[in-house]
Amino acid sequence: MPEEDKPIPPAREERYDAQRIEQKWTERWLSDTSLYAAEAHSTKPKYYVLEMLPYPSGALHMGHVRNYAIGDALARYMWMNAYNVLHPMGWDSFGLPAENAAIKNNTPPKEWTLANIAAMKVQMKRLGFAYDWSREVTTCLPDYYRWNQWFFLKLYESGLAYRKKSKVNWCPECATVLANEQVVGGMCWRHEDTPVEQRELEQWFLRITKYADELLRDLEKLQGWPEKVRIMQQNWIGRSEGTLVDFDLGGTVGPAGSTITVFTTRVDTIYGATSVQLAPEHPIVADMIARDAALRAQVEELIAEQRRAKEAGDIGAIEKHGVFTGRYAKNPYDGEAVPVWVANYILMDYGTGAIMSVPAHDERDYEFAQKYRLEIRLVILPQPSDPEETMAEPPLPFTTTDGILVNSGEFNGLSCEDAITKMSALAEEKGFGKATVTFRLKDWGISRQRYWGTPIPMVYCDRDGVVPVAEKDLPVILPDSVPITLSGGSPLMNVPEFLNTTCPKCGGPARRETDTMDTFVDSSWYFYRYADAHNDQAPFDSATIAYWFPIDQYIGGVEHAILHLIYSRFWTKFMRDMGLVKNDEPVARLFTQGMVIKDGAKMSKNLGNVVSPDEMVERYGADATRLYSLFAAPPDRDLDWQESGIEGIQRFLARVYRFYYERDQVWANEAAEKAAKMDILARHSTILVPSLNANAKRLAERSARKIQRKLHQTIKRVSDDFQGRWHFNTCIAAIMELVNEIYGAQEAIATGRVPAALIIEVQRNIALLLAPMAPYLAHELWEMAGETSNLLKAPWPKYDAALAAEDEIEIPVQVNGKLRGLVVVEAGASVDQIKQAALADQKVQAAIAGKLVVKVIVVPKKLVNIVLR
RNA sequence: GCCCGGAUGGCGAAACUGGCAGACGCACGGGACUUAAAAUCCCGAGGGGCGAAAGCUCCGUGACGGUUCGAUUCCGUCUCCGGGCACCA
């Protein structure tokens, strides 16, 4: 193409106009769907960066923007580092709010949800997030949830899905099940004067506890996860080693039998057991109260106390109450019969729901025994430090395991540790107990008596009982246009076309399961689907998963540290055992970002301190909104949103823009300069970092060298932060410093003391450094710097350590730890040279005059400290 | 109660490995440009005391103590704030 036929670049405006620039680039980006597409096969290394998918509530909030700004910056950075990047997005689109909206606005949940998705997708695109939309996953659509059903069938086949009775919140007024958040102070959220009841329903559970040990053990492998999250999961799993011991009641009370099995971690203290305590909901208690109305009333009060405390979220503050049952149980070790009590501090869903109470060696038992004047018997004494010393009586309760047994028959004199081993062995030998491990982790109840969720693919037949739907008949489609009412249980029960079916086994009439799945099922494996989003033969292709997994970096809120992430880990282990995936864990590295707060409080409608992303984008642009959310605080900490802060960022972007614009104006007006520019550009398109020697000559000017040094220092700082701790706030500060340096050198630039080549190099690099964080402006600047390549995949700049190095450095000189002088030395100065310079300094001389110098500490490049006496 | 974070100017924060505390930004003050304002550019600034000024000096990273030539950083005790779990036997 002849020179004069080249398209004339569009006229640029003097003022930084975010809206104009962002609209221009949005159009280009949206017209090319291949832009952010991951390559199925690539010689490049793969990188899977994932942000937690949102619930489509209708609008993004600032927390989302922050989350996605971090992920997008990382994805773009990895593209620039020539990785094959997978960066997908989707919608966690089943769940209760759609049903609530249906009730409130009379809109079908599907319609409401899909409209919200469309709206939020527009927001995401406006913000410029670089997602591969061809892999979008929408969990409420049958092409996704059919695989939930498929997995459920596999879980059922493997014995990992089972039914059992479980309690639900029931509002008699609504005649329906309530979610925990719909219970307010023990009352229904819609009927403030209707107490919520507990009803037992048959529900589906997934046997996550089968993997309890592995889920715990593999936390070790997750070194790329925050320590905090690993600890939270560890506590959640709650592994505890102990002993089961049978106490005999000496005759049955009812169907629950005549044995109380207690779980204890301290079987070594069992000779100090002076009572057995049962949870109020223990089956033996049920037998006991069946014939004892007075006891029944008391036990019911204990249950009520427990429930009230739990609902108040304040179970720790509950005052301990108990009631003596009138029965005694025999301690199998010494044959002593101890009283059996029922107590409100014993939980039925942990251990066996029964404990032995050892007041002398357990704080809670001690408190309880004091209150009810139960016997307190000391059986552990402190280890004497000197064997000759007599053992002192310790203060009670004495809970340490570093002690010696007394008053414990044949076990006297053993250490607690030895006693636990020997006593557990004896229990097993004699058949009244055994060593065991319990977990706090419970099986995962997935049944929801709701409409807007994945139908559980099971059928109930009068003849064949519980029968799974045949795989070939999947998906079981969730019917549309189902009236969402407030009463009568699950809405699906009122849809005969759905409810009535035929038995897959005998072909006779049967009923479908009307419960739907917990939405945590959807989010437990959605990130696998991204890798192969349109597969209609299987949830995904295993070879594709082997390529992409594990996820290299997952980013989201810490509020999902436990449930979502533990269910996802469980799902992965199950899929691995099925042979579907090879990885043991889904996520190699996890990052949890801090909350966005305003005026010191979490943003909420109640407080009226919600900042709308749309408003920010409209007022300041997407770049400023994103950049500010990265700048205002390090990403793992809470971010206090300040309107004046984002104004400052906008000012910074305008300052950067103006630097390019004004240079362009100058160059455009100087024909000779322009020719030089073209010549330089031609050279620079291949050489990003000029070699030191060539430049050292060319950049003899001090001001030019200063700019060049700052440039390379900036590239280093920004690169280091992307590689390391992700403190994007300091990256941005570094770029601001570079821009300040340029503005500070205005005069040198105007008088031609700074070569145009260097200015262009700075311009190119600022565009490159800003590209991950402020992509719109960065693309515009890239173009203004004369580049025609796509910035998205332009190589990330490299710094030259020699160019970044300082020639001279200032070394502070302290005398007795107090700053007394500053000396300037060459960067490579030896310890001795620095010491001489420091001692020669006038101020230092004055400070040490007449005193005895005891020691001179020299830390090269850092400081000198002269110690006087 | 237990576990995990955090606390630094008027504000958001920085100081990455024990080495000049407060980079960068906001707000503020002063100046330049302007008829004026806005915008922009430049300069100033932790607090106290001394000084006309250049400057000098003391104090200062939630509190108290310790280690060290030297501590925002390491150790101990405590206070407050945030998050998680909660009578877990």
Side-chain angles (χ1 to χ4, degrees), chain A residues 15 226-236 238-240 242 262-266 277 279 306 309-310 313-320 343-347 349-358 362-365 367-368 438-440 558-559 561-562 592 594-595 597 600 602 628 631-634 636-649 651-652 654-655 658 717 720-721 724-725 727 729-737 739-740 743-744 746 810-822 843 854-859 861-868:
Chain A
R15 197 173 59 86
E227 175 83 20
K228 174 183 169 164
V229 173
R230 294 209 309 265
I231 290 171
M232 280 163 78
Q233 291 216 351
Q234 186 181 319
N235 294 337
W236 186 259
R239 185 180 195 273
S240 171
V262 306
F263 173 71
T264 177
T265 55
R266 292 296 306 275
Q277 303 284 342
Q306 258 186 2
K310 221 171 240 174
D314 201 20
I315 202 160
I318 193 176
E319 196 182 333
K320 290 185 180 53
N344 64 357
Y345 71 98
I346 310 300
L347 306 173
D349 53 15
Y350 183 77
T352 58
I355 64 154
M356 61 179 202
S357 175
V358 185
D362 181 280
E363 264 173 50
R364 293 152 303 169
D365 295 346
E367 189 189 329
F368 190 85
T438 57
F439 291 91
R440 205 186 84 94
V558 72
E559 64 272 20
I562 300 182
T592 52
M595 288 189 303
I597 59 177
K602 196 172 171 173
Y628 178 65
F631 176 69
D636 52 338
R637 286 227 242 150
D638 286 352
L639 184 162
D640 195 355
W641 194 271
Q642 294 184 352
E643 188 95 8
S644 56
I646 189 172
E647 281 171 17
I649 284 290
R651 207 150 28 208
F652 163 68
R655 199 167 148 91
R658 200 175 314 113
R717 281 178 66 182
D720 286 354
D721 251 321
R725 28 169 228 171
H727 278 198
N729 53 332
T730 58
C731 289
I732 296 163
I735 301 171
M736 287 172 168
E737 283 184 43
V739 172
N740 289 346
Y743 271 80
Q746 277 307 322
E810 275 190 334
I811 303 254
V813 184
Q814 297 181 339
V815 176
N816 279 348
K818 291 198 173 169
L819 186 66
R820 284 294 180 262
L822 275 176
K843 285 183 191 169
V854 180
K855 199 170 10 167
V856 179
I857 291 149
V858 178
V859 184
K861 295 184 201 289
K862 295 285 187 191
L863 130 163
V864 176
N865 191 10
I866 300 167
V867 185
L868 304 179

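In the text below, chain A, chain B and the rest are named by the order of the sequence lines, each starting its count at 1.
Between A:R820 and A:I811, it is A:I811 whose nearest contact on RNA chain B lies nearer the 5' terminus.
In this model, no donor atom of one side chain and acceptor atom of the other lie less than 3.5 Å apart for A:R440 and A:N235. Looking only at atom types and distance, the side chain of A:T730 has a donor-acceptor partner in the side chain of A:D721 under 3.5 Å away.
As the counterpart of B:rA32, B:rU40 is assigned, both hydrogen-bonding distances of the Watson-Crick or G-U wobble pattern falling under 3.5 Å. Under the Watson-Crick or G-U wobble criterion, with both distances below 3.5 Å, B:rC69 is paired with B:rG19. Pairing of B:rG5, defined by two Watson-Crick or G-U wobble distances under 3.5 Å, is identified with B:rC81. For B:rC56, the paired nucleotide is B:rG49, the pair qualifying as Watson-Crick or G-U wobble because both relevant distances are below 3.5 Å.
The interatomic distance linking A:N344 (CG) with B:rA89 (P) rounds to 18 Å, in whole Å.
Set against B:rC16, B:rA7, B:rA89, the side chain of A:R725 has B:rC16 as its closest nucleotide. For A:Y350, taking side-chain heavy atoms from C-beta onward, the closest of the listed nucleotides B:rA89, B:rC85, B:rC69 is B:rA89. For A:I562, counting side-chain heavy atoms from C-beta on, the closest listed nucleotide (B:rC20, B:rC58, B:rG84) is B:rG84. Between B:rC69, B:rU40, B:rC59, one nucleotide has an atom nearer to the side chain of A:R658 than all others, and that is B:rU40. The listed nucleotides are B:rC20, B:rG84, B:rG12; the one nearest the side chain of A:L863 is B:rC20.
One finds no side-chain N or O of A:R239 lying less than 4.0 angstrom from the OP1 or OP2 phosphate oxygen of B:rC88. Checking the phosphate oxygens (OP1, OP2) of B:rG70, no side-chain nitrogen or oxygen of A:K862 falls inside 4.0 Å. Distances shown here put a side-chain N or O of A:K818 below 4.0 Å from the OP1 or OP2 atom of B:rC59. At B:rC88, one or more side-chain N or O atoms of A:R364 fall inside 4.0 Å of OP1 or OP2 (strictly under the cut-off).
Separation of the C1' atoms belonging to B:rU67 and B:rG76 is 11 Å when rounded to the nearest angstrom. Annotation: B:rC43 and B:rG25 have their P atoms spaced 11 Å apart (nearest Å).
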*Which letter, B, S or -, goes with each nucleotide of nucleotides 22-31 of chain B from 5' to 3', with contact meaning a protein heavy atom under 4.0 Å?*
-BBSSS----

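Counting non-hydrogen atoms under 4.0 angstrom, A:D638 reaches the backbone sugars and phosphates but no base.
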